[in-house]
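Let me begin by presenting the structure, written as structure tokens, before commenting on it.
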Amino acid sequence: MGVVEDVLPQYGAQETIGLKAIILLGAPGAGKGTLAEGIKARTKFIHISTGDMLRDAVKKGSAIGREAETFMKRGELVPDDVILRLVEERLDQGSPDDEYLFDGFPRTLEQAEMLSASLRRRGSRVMAVFSLEAPRELLISRLCGRRLCRQCGASYHVVNIPPRKAGICDVCGGELYQRADDQESTILNRLEVFTRQTESLIAYYEGMKVLIRVDAAQHRDLAVEAIVGHIRKLPSV
Ligand code: AP5
């Protein structure tokens, strides 16, 4: 998903980082998609967002999309077998040198274990997991205010990152809309689902000594800078 180009700082050429797989782990609204855009602008990581892949499948009306839609509308997790199929298919399309930036995946212990096994088969592993941490009230206000462009996917916030003209995308002139799961009651359920089903992954990756905590309440450029600074210091595979 894109962010408004003219508010992203200008970076130099993208660099190869030498880390095979990193993960952005965080509650809804922590800024996974936003920070992924900033990291992508600086590096050659391939961005894999299961949320974006699922929304695309729903839009196309594919079998996976039809299966996922009911869960997404309620703010529940889509069953692991659906997600694992989706990610495995995507990884099969890649080459051994690809560097992956996972956003919103894994979300359960089963997904995390599948990812480790799948990367191991490809001679790779999870090398850093960035836990994006921000207060709950901030997460709610970010999600309630998020608006997206129907045409190009650029992401705005009605207060933090408003478009120049209300309801219209600065990048392509497309119409802005609110995601179906960004209604307050669904947001509250998504946060509850995160606490119940995903938060345990923080301890899981801490145990693997790959967890790095990031203040996700700070300005997004500073958060991107902090993450890129960390990944530059990590040893490559
Ligand atoms: P997904 O699309 O992954 O949604 P999410 O985890 O709920 O996260 P969001 O996309 O809402 O938030 P984000 O952290 O990316 O924040 P963003 O950068 O947009 O998943 C959607 C659904 O799909 C799930 O509920 C589930 O049903 C299903 N699903 C997906 N993956 C799955 C999986 N692996 N297993 C099972 N089910 C799965 O930022 C939000 C707003 O805040 C924006 O307006 C942005 O501009 C603003 N903002 C962000 N960072 C900052 C900052 N630093 N400063 C100021 N504003 C900021």
Side-chain angles (χ1 to χ4, degrees), residues 1-4 7-8 23-39 47-58 64-65 67-88 90 101-112 114-115 130-135 138-149 153-163 176-183 186-199 201 214-227:
M1 185 151 298
V3 293
V4 191
V7 293
L8 269 181
I23 295 171
L24 297 183
L25 177 67
K32 301 179 294 293
T34 302
L35 301 186
E37 290 297 326
I39 297 166
H47 180 200
I48 298 192
S49 157
T50 43
D52 286 349
M53 290 163 87
L54 290 168
R55 277 183 290 278
D56 193 45
V58 170
I64 283 189
E67 207 174 334
E69 192 172 15
T70 350
F71 295 96
M72 296 173 77
K73 273 193 178 149
R74 292 199 304 255
E76 299 291 334
L77 293 188
V78 173
D80 284 339
D81 63 313
V82 176
I83 300 293
L84 299 183
R85 229 182 316 145
L86 201 65
V87 173
E88 200 60 51
R90 176 62 191 81
L101 164 59
F102 292 100
D103 151 3
F105 173 84
R107 267 172 141 104
T108 62
L109 200 56
E110 185 174 350
Q111 292 181 20
M114 167 271 173
L115 178 63
F130 295 94
S131 168
L132 308 182
E133 301 180 358
L138 181 64
L139 301 176
I140 295 172
S141 80
R142 280 183 179 174
L143 294 173
C144 288
R146 173 167 56 188
R147 297 293 182 274
L148 300 161
C149 174
S155 168
Y156 298 83
H157 186 277
V158 288
V159 177
N160 302 342
I161 313 166
L176 301 187
Y177 75 101
Q178 188 170 28
R179 242 168 69 173
D181 59 353
D182 275 349
Q183 302 302 324
T186 316
I187 291 171
L188 296 179
N189 191 39
R190 284 159 64 203
L191 290 172
E192 151 69 21
V193 165
F194 177 80
T195 308
R196 194 167 13 100
Q197 293 180 273
T198 308
E199 214 166 44
L201 290 184
V214 175
D215 172 10
Q218 64 186 323
H219 190 282
R220 60 189 172 160
D221 295 347
L222 297 176
V224 168
E225 205 51 55
I227 292 173

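Atoms within a ligand are numbered from 1 in the order they appear, just like the ligands themselves.
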Against heavy atoms of [X], which atoms of ligand 1 measure under 4.0 Å?
X	value
Gly104	31 (N), 32 (C), 33 (C), 34 (N)
Leu143	11 (O)
Leu54	23 (O), 28 (C), 29 (N), 30 (C), 38 (C)
Gln111	33 (C), 34 (N), 35 (N), 36 (C)
Glu76	26 (C), 27 (O)
Ala27	14 (O)
His157	44 (O)
Ile161	46 (O)

For [atom], closest protein heavy-atom neighbour:
atom	answer
atom 56 (N) of ligand 1	Asn160 ND2, 3.4 Å
atom 18 (O) of ligand 1	Thr34 OG1, 2.5 Å
atom 15 (O) of ligand 1	Gly33 N, 2.9 Å
atom 22 (C) of ligand 1	Met72 CE, 4.1 Å
atom 19 (O) of ligand 1	Arg146 NH1, 2.5 Å
atom 12 (O) of ligand 1	Gly29 N, 3.0 Å
atom 7 (O) of ligand 1	Arg190 NH2, 2.7 Å
atom 37 (N) of ligand 1	Val78 N, 3.0 Å

At the 4.0 Å heavy-atom cut-off, does [X] count as touching ligand 1?
X	result
Tyr156	yes
Ala223	no
Arg147	no
Gly26	no
Gln218	yes

Within-cut-off N or O pair, [X] and ligand 1, under 3.5 Å:
X	value
Asp103	no
Asp52	no
Phe71	no

Would you say that [X] contacts [Y] through its side chain, given a criterion of any heavy-atom pair below 4.5 Å between the two side chains?
X	Y	value
Ile39	Leu24	yes
Lys32	Leu101	no
Arg147	Gln178	yes

- [ ] Only heavy atoms count here, so choose which of Arg179, Arg107, Arg142 is nearest to atom 10 (O) of ligand 1.
- [x]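 Nearest heavy atom to atom 10 (O) of ligand 1 lies in Arg179.
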Could you report the tightest heavy-atom contact between [X] and [Y], atom names first, then the distance?
X	Y	result
Lys73	Thr186	O-CG2, 3.5 Å
Ile187	Asp182	CD1-O, 3.3 Å
Ala30	Arg142	O-NH1, 3.2 Å
Ala217	Asp215	N-OD1, 2.9 Å
Tyr156	Pro162	CD2-C, 4.1 Å
Val193	Gly75	CG2-O, 3.6 Å

TODO: Please check if the side chain of Arg190 supplies one atom and the backbone of Asp181 the other of a donor-acceptor pair under 3.5 Å.
DONE: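 Here the side-chain-to-backbone pair exists.
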Task: Side-chain (Glu88) to main-chain (Leu84) donor-acceptor, under 3.5 angstrom - done: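 No, because the side chain of Glu88 does not come within donor-acceptor range (under 3.5 Å) of the backbone of Leu84.
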Task: Given Glu67, Glu69, Met72, the one that forms side-chain contact (heavy atoms from CB on, under 4.5 Å) with Val78 - done: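 Filter result, single survivor: Met72.
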TODO: Please identify each residue that fulfils ring-ring contact (aromatic ring centres under 6.0 Å, His included) with Phe102, with sequence neighbours left out.
DONE: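 Once residues adjacent in sequence are excluded, the partners of Phe102 under the ring-ring contact (aromatic ring centres under 6.0 Å, His included) criterion are Tyr100, Phe105.
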Task: Tyr177 six-ring centre to Arg179 NZ/CZ under 6.0 Å and within 45° of normal - done: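 No, cation not above the ring by the 6.0 Å, 45° rule.
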Task: Separation between CG of Leu191 and CZ of Arg196, rounded to the nearest 0.5 Å - done: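 Leu191 atom CG to Arg196 atom CZ measures 12.0 Å (nearest 0.5 Å).
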